[in-house]
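Computed over heavy atoms, backbone and side chain alike; hydrogens, waters and symmetry mates excluded. None of these values were measured; they are calculated from a predicted model.
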Amino acid sequence: MVGGVTDRGTARMSPRPVIIDCDPGQDDAVALVMALARPDAIEVLAVTAVGGNVPLRLTERNARRVVELCGRPDLPVHAGCAAPLIVPLETAEYVHGETGLDGSGLPDPERPLTSGHAVDAMIDLIEARPEGAVTLVATGPLTNVALAFAKAPAVMRRLERIVLMGGALELGNVTPAAEFNVYVDPHAARMVFQGGVPITMFGLDVTHKVLVTDARLRRVREAGTGAAAAIHGMMEFAARYDRERYSAEGGPLHDPCTIAWLLQPDLFRGRECRVEIETDSPLTRGMTVVDWLGRAPEKNAAVMRDADADGFFDLLDDCLKRLG
Ligand code: BDR
Ligand code: CA
């Protein structure tokens with residue numbers, strides 16, 4: 001297997017400007033915490049919320065709870081789309097609990113939502129920076145991102161890259177063929193994969209190699225900080241469902257792989273591929289059809305497939321300790 005992506009070996013002089021579009025969700029929350037723990041490497045410009053794991057009124061609230069946990073009440077949090085482009089929203093309380101952040105013990109947010117729709121905020125932030133400056137991380141259904149492509153395609157093509165959690169080469173988690181984020185809004189996913197912006201895709205193949213074992217869970221708690229206690233509670237909650245379902249030594253940690261890759265790309269291995277999205281078939285709706293063997297000359301995504309899980313948890317430990 002060849003190395004993942006070749007364009008990020010050089011050290012950056014200043015933090016990478018990033019927008020995080022998410023549907024928190026315990027694992028989205030871990031991704032946010034990791035990003036906000038590393039202002040030396042990542043400048044989070046805004047958090048935008050989308051309906052997904054739970055309805056939008058909860059995902060935007062959860063995003064505010066997490067940024068406050070991280071001591072960043074100043075950070076803009078915008079609400080975006082409540083429902084997918086075409087199909088009705090299907091949520092996942094069976095994984096994440098009724099609030100989406102069950103297990104966190106986090107209080108209600110104090111600060112209000114930032115005014116302005118997530119899609120407009122995304123477009124304005126990208127437009128305000130030089131071409132190729134902003135990276136978009138997407139860890140929920142791709143509805144907001146697709147709508148931004150529909151509204152301002154030329155602005156979206158100024159993105160450096162989209163780093164997303166979604167899809168699977170092999171086994172789906174909602175149906176045998178499809179992973180949750182792509183299944184929930186397959187039409188949006190197709191627009192994003194055809195949008196002309198380089199993508200780094202973290203599908204289930206790689207996230208199921210980053211397992212929350214008992215020993216790793218203990219280590220999170222032992223980091224001993226407020227953020228660590230909340231993350232421990234959330235991971236423990238999510239692990240209940242995952243262990244029952246997958247009977248693995250621990251549940252997968254999906255969304256934080258995106259941020260870990262920005263911080264330490266050598267933790268992951270993958271390959272440039274062509275990825276197309278199935279939208280029509282009732283049997284395989286939301287399937288990411290990955291041309292792993294390279295038949296198609298035009299690639300649109302670096303598809304990650306392998307991870308250094310111990311290295312990932314070292315990085316998480318470091319982030320939790322930095323956050324204090
Ligand atoms: C994805 O779906 C959600 O349950 C998680 O937050 C993650 O983004 C995994 O399929
Ligand atoms: Ca998510």
Side-chain angles (χ1 to χ4, degrees), residues 18-38 42 44 46-70 72 75-82 89 91-104 106 109 118 122 135-145 162-167 173 179-185 201-204 207 210 212 220 227 230-239 241-242 251-263 312 316 319-320 323:
V18 170
I19 300 168
I20 303 180
D21 186 73
C22 55
D23 64 337
Q26 290 90 350
D27 60 331
D28 304 75
V30 180
L32 285 171
V33 166
M34 289 179 79
L36 292 173
R38 289 292 306 270
I42 296 178
V44 182
V47 178
T48 55
V50 66
N53 286 323
V54 286
L56 178 68
R57 69 185 160 75
L58 293 173
T59 59
E60 60 87 351
R61 174 176 170 270
N62 291 342
R64 286 182 288 143
R65 293 165 84 192
V66 176
V67 302
E68 288 183 15
L69 167 73
C70 296
R72 289 295 310 276
L75 188 65
V77 176
H78 298 268
C81 297
L89 178 65
T91 51
E93 287 84 356
Y94 55 91
V95 182
H96 301 277
E98 284 305 312
T99 67
L101 281 193
D102 282 22
S104 71
L106 291 178
M122 205 179 268
T135 301
L136 177 64
V137 171
T139 61
L142 290 162
T143 321
N144 288 343
V145 185
I162 298 171
V163 185
L164 62 87
M165 191 281 138
N173 59 1
E179 177 279 332
F180 179 81
N181 289 336
V182 181
Y183 176 84
V184 168
D185 197 342
M201 168 178 146
F202 288 86
L204 297 174
T207 67
V210 181
V212 184
V220 167
I231 297 289
H232 178 267
M234 288 191 269
M235 282 180 167
E236 199 173 40
F237 181 89
Y241 171 86
D242 286 331
L253 194 54
H254 306 288
D255 295 341
C257 290
T258 56
I259 301 295
W261 181 74
L262 292 179
L263 294 172
F312 173 93
L316 174 60
C319 287
L320 292 173
L323 204 54

Could you walk me through whether Leu58 and Glu98 pass the side-chain contact (heavy atoms from CB on, under 4.5 Å) test, one step at a time?
CA-CA 9 Å; Leu58 293 173; Glu98 284 305 312; over 6 Å; no

Heavy-atom closest pair (Val145 atom, Ala138 atom, distance to 0.1 Å) is CG2-CB, 4.3 Å

I need the Cys257 SG to Met34 CE distance, nearest 0.5 Å.
8.5 Å

Closest approach of Asn53 to Gly25 (non-hydrogen atoms, all atoms of both residues)
ND2-CA, 3.5 Å

Is it true that Thr59 and Asp23 share a donor-acceptor pair across their side chains at a distance under 3.5 Å?
no

Taking all non-hydrogen atoms of both residues, which atom of Pro24 and which atom of Asn62 are closest, and how far apart?
O-ND2, 2.8 Å

Sub-4.5 Å side-chain heavy-atom contact between Ile231 and Glu236
no

Heavy-atom closest pair (Glu179 atom, Gly167 atom, distance to 0.1 Å) is OE1-N, 3.0 Å

Could you check if a side-chain atom of Asp255 sits within less than 4.5 angstrom of a side-chain atom of Phe202, using non-hydrogen atoms only?
no

Checking Glu60 side chain against Val77 main chain: does a donor-acceptor pair fall under 3.5 Å?
no

Closer than 3.5 angstrom, by distance alone: can the side chain of Arg64 be matched with the main-chain N or O of Pro109 as a donor-acceptor pair?
no

Can you check side-chain contact (heavy atoms from CB on, under 4.5 Å) on Thr258 and Leu164, steps first, answer last?
CA-CA 6 Å; Thr258 56; Leu164 62 87; 5.7 Å; no

How long is the straight-line distance from CD of Glu93 back to CG of Asp102, given to the nearest 0.5 Å?
9.5 Å

Could you check if a side-chain atom of Thr139 sits within less than 4.5 angstrom of a side-chain atom of His254, using non-hydrogen atoms only?
no

Side-chain donor-acceptor pair present, Thr143, Asp185, cut-off under 3.5 Å
yes

In terms of heavy-atom contacts, Ala227 and Leu69 come closest through CA-CD1, 4.0 Å

Heavy-atom distance under 4.5 Å between the side chains of Cys22 and Leu32, does that happen here?
yes

What's the verdict on side-chain contact (heavy atoms from CB on, under 4.5 Å) for Asn181 and Leu142, showing C-alpha distance, side-chain angles and the deciding distance?
CA-CA 7 Å; Asn181 289 336; Leu142 290 162; over 6 Å; no

Side chains of Val33 and Cys319, heavy atoms from C-beta outward: is any pair under 4.5 Å?
no

For residues Tyr183 and Asn173, determine if any side-chain heavy atom of one lies less than 4.5 Å from a side-chain heavy atom of the other.
no

Nearest 0.5 Å, what's the NE2-CG distance between His232 and Leu320?
11.5 Å

Separation between CD1 (Ile20) and CD1 (Ile42), nearest 0.5 Å, reads 6.5 Å

Please examine the side chains of Phe180 and Val95, heavy atoms only from C-beta on, and report whether any two atoms are closer than 4.5 Å.
no

Could you go step by step and tell me if Arg61 and Val66 meet the side-chain contact (heavy atoms from CB on, under 4.5 Å) rule?
CA-CA 9 Å; Arg61 174 176 170 270; Val66 176; over 6 Å; no

His78 and side-chain contact (heavy atoms from CB on, under 4.5 Å): which single residue from Ile19, Thr48, Asn144 fits?
Thr48

Rounded at 0.5 Å granularity, tell me how far CG in Leu253 sits from CG in Leu316.
7.5 Å

Which atom pair, heavy atoms only, marks the closest approach of Thr99 to Val54?
O-CG2, 3.9 Å

To the nearest 0.5 Å, what is the distance between CG on Leu101 and NE2 on His96?
9.5 Å

